[in-house]
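Report on the structure given below.
No experiment lies behind these values; they were computed from the predicted model shown.
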Amino acid sequence: QAQLVESGGGLVQAAGSLRLSCSASGLTFSSYAMGWFRQAPGKEREFVGVISLGGGSTNYADSVKGRFTISRDNAKNTVYLQMNSLKPEDTAVYYCAASRRYYGGIVVAAYDYWGQGTQVTVSS
C-alpha cells in the first residue's frame, strides 16, 4: 500500500528557510511525478509545485516561483521542497502527492496518493 510521509515543517520567522521532505513507500517512486500542495485554514488546497517523474522538469505556482525549489532523489524514494524567503502568507499545511502522469499536474484530481501533511508556520 502506497504511503507518503512528510517531515520538516515547523515555525520559522519571515525571510527564513525550511526544507520539507516526503518519503515514499509501497510504490515505484521513479514512476510517479511528485507534487506539493498547501492548505491554509478556511482555504482550498492549492498547488505549490511539481517535479516530473524523471526529475528533469519542474513547475511552480506563481506565488512561490523563485523562492521554492523541488528536487527528488529516486534512490532514496524522497522528494524535497526547499522554501526560502518565507512569508507569513506561506503559512499552511503542506502536502506531498504522487501522480502517475509524467508531468503530474496543478490540480488535486491529477494525483493518486497523498501524505498526511506537515504544518509550516511563518511568523512576521
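Annotation: F37 is not in aromatic contact with Y95 [ring centroid separation under 6.0 Å not met].
By the rule that hydrophobic residues join a cluster once side-chain heavy atoms approach within less than 4.5 Å of another member, F68 and W36 end up as members of one cluster. Tracing side-chain contacts under 4.5 Å through hydrophobic residues (I, L, V, M, F, W, Y), one reaches Y60 starting from L20; they form part of the same cluster. Residues V79 and Y113 share a single hydrophobic cluster, defined by chaining ILVMFWY side chains whose heavy atoms lie under 4.5 Å apart. Hydrophobic clustering keeps Y102 apart from V50 (ILVMFWY residues linked when any side-chain heavy atoms are closer than 4.5 Å, directly or through intermediates). Cluster annotation: V12 is not connected to V93 through the hydrophobic network of ILVMFWY side chains, with a link wherever side-chain heavy atoms come within less than 4.5 Å.
Considering every non-hydrogen atom in both S21 and T78, the closest pair reads CB-CG2, 4.3 Å. Here the shortest heavy-atom pairing between A24 and L4 reads CB-CD2, 3.5 Å. Here the shortest heavy-atom pairing between N77 and N74 reads OD1-O, 3.1 Å. Annotation for A110 and G104: closest pair CB-O, 4.3 Å, computed over non-hydrogen atoms. Between L86 and L18, the shortest heavy-atom contact is CD1-N, 3.9 Å.
In this structure, L27 places its CG atom where more than 12 heavy-atom neighbours from other residues, nucleotides or ligands lie under 6.0 Å away.
Applying the side-chain hydrogen bond (donor to acceptor under 3.5 Å, both in side chains) test to every pair with at least one member in residues 114-124, sequence neighbours left out, gives these pairs: Q119-T121.
The side chain to side chain donor-acceptor pair (under 3.5 Å) test applied to K43 returns no partner, not counting sequence neighbours. By the side chain to side chain donor-acceptor pair (under 3.5 Å) test, D73 is found to be paired with no residue, residues two or more places apart in sequence or in another chain being considered. Listed by chain and residue number, K87 satisfy the side chain to side chain contact (heavy atoms under 4.5 Å, CB included) test with E89 (two or more places apart in sequence, or in another chain). With sequence neighbours left out, the side chain to side chain donor-acceptor pair (under 3.5 Å) criterion links Y111 to no other residue. The side chain to side chain donor-acceptor pair (under 3.5 Å) test applied to S17 returns N84, not counting sequence neighbours.
Panel note: side chain S99, backbone A33; no donor-acceptor pair is recorded below 3.5 Å. In terms of modelled atom types and a separation under 3.5 Å, the side chain of S31 and the main chain of F29 share no donor-acceptor contact. For the pair T69 (side chain) and Q82 (backbone), a donor-acceptor distance under 3.5 Å is absent. In this structure, the side chain of E6 engages the main chain of C96 through a donor-acceptor pair within 3.5 Å.
A side-chain donor from one of Y94 and R38 sits under 3.5 Å from a side-chain acceptor of the other.
Put simply, CZ on R101 and CG on D112 are 8.5 Å apart, with the number rounded to the nearest 0.5 Å. A distance of 7.0 Å separates OG in S71 from OH in Y80, rounded to the nearest 0.5 Å. To the nearest 0.5 Å, atom CD of residue Q3 and atom OG of residue S23 are 8.5 Å apart. Separating the CG atom in L81 from the CZ atom in R72 is a distance of 14.0 Å, to the nearest 0.5 Å. Atoms NZ and CZ, on K65 and R67 in that order, are 12.5 Å from each other to the nearest 0.5 Å. Note that CD1 of I51 is 12.0 Å distant from OH of Y103, once rounded to the nearest 0.5 Å.
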Determine, stepwise, if the pair N59 / I106 fulfils side chain to side chain contact (heavy atoms under 4.5 Å, CB included).
-> CA-CA 9 Å; N59 185 30; I106 65 171; 3.7 Å; yes
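The closest side-chain heavy-atom distance from V120 to M83 is below 4.5 Å.
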